[in-house]
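Quick one: the structure is below, and I'll ask about it shortly.
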Amino acid sequence: MGRQVSRAARRAFLEAVSAEEWDRKAAETVLADIKAIERSREAARSALLLDALEKMPVEERRAWVASGADRFGGGRFRDGYRRGRNEQRQPHETLQDAPTPDE
């Protein structure tokens, strides 16, 4: 599903919640559409990842894990910091050895 579909669904949701007369059913319907779009995208991303990993020899899969696969979940660490695309990751920044917020 393309970005235009997603944008249209989000616009429809905003229109539904800003309508003069509140219509919960309309808002729920559009919100369900948005969730379906997001689930479809997530499934496609997962399939692409698994396809790529399936083609890799074990050494490459291990290198992928060592290079920062712990960021796979969106780049968030325990302190909630999200690194920008162009920022370098530091060697200590893994889920196993990242400092806790109180350290």
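A quick note: this is a predicted structure, and the numbers were derived from the prediction, not measured.
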With sequence neighbours left out, what residues match Arg62 under salt bridge (Lys or Arg N to Asp or Glu O under 4.0 Å)?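 Expected list: none.
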Show your reasoning for whether side-chain contact (heavy atoms from CB on, under 4.5 Å) applies to Leu49 and Trp64. CA-CA 11 Å; Leu49 174 64; Trp64 178 77; 3.9 Å; yes
Cut-off 3.5 Å, no hydrogens considered: what does the side-chain donor-acceptor table look like for residues 14-25, sequence neighbours left out?
residue	atom	partner	partner atom	Å
Ser18	OG	Leu14	O	2.7
Ser18	OG	Glu15	O	3.4
Asp23	OD1	Lys25	N	3.2
Asp23	OD1	Ala26	N	3.2
Arg24	NE	Glu28	OE2	2.8

Testing the basics here: between Ile37 and Ala9, what is the closest heavy-atom pair and its distance to 0.1 Å?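 Heavy atoms of Ile37 and Ala9 come nearest at CD1-CB, 3.9 Å.
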Name all residues meeting the side chain to side chain donor-acceptor pair (under 3.5 Å) criterion together with Arg39; count only those two or more places apart in sequence or in a different chain, and write none if there are none.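 Listed in chain order: nothing, the list is empty.
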So, are Glu38 and Arg10 salt-bridged, with charged N and O less than 4.0 Å apart?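 Between Arg10 and Glu38 there is a salt bridge, with a charged N closer than 4.0 Å to a carboxylate O.
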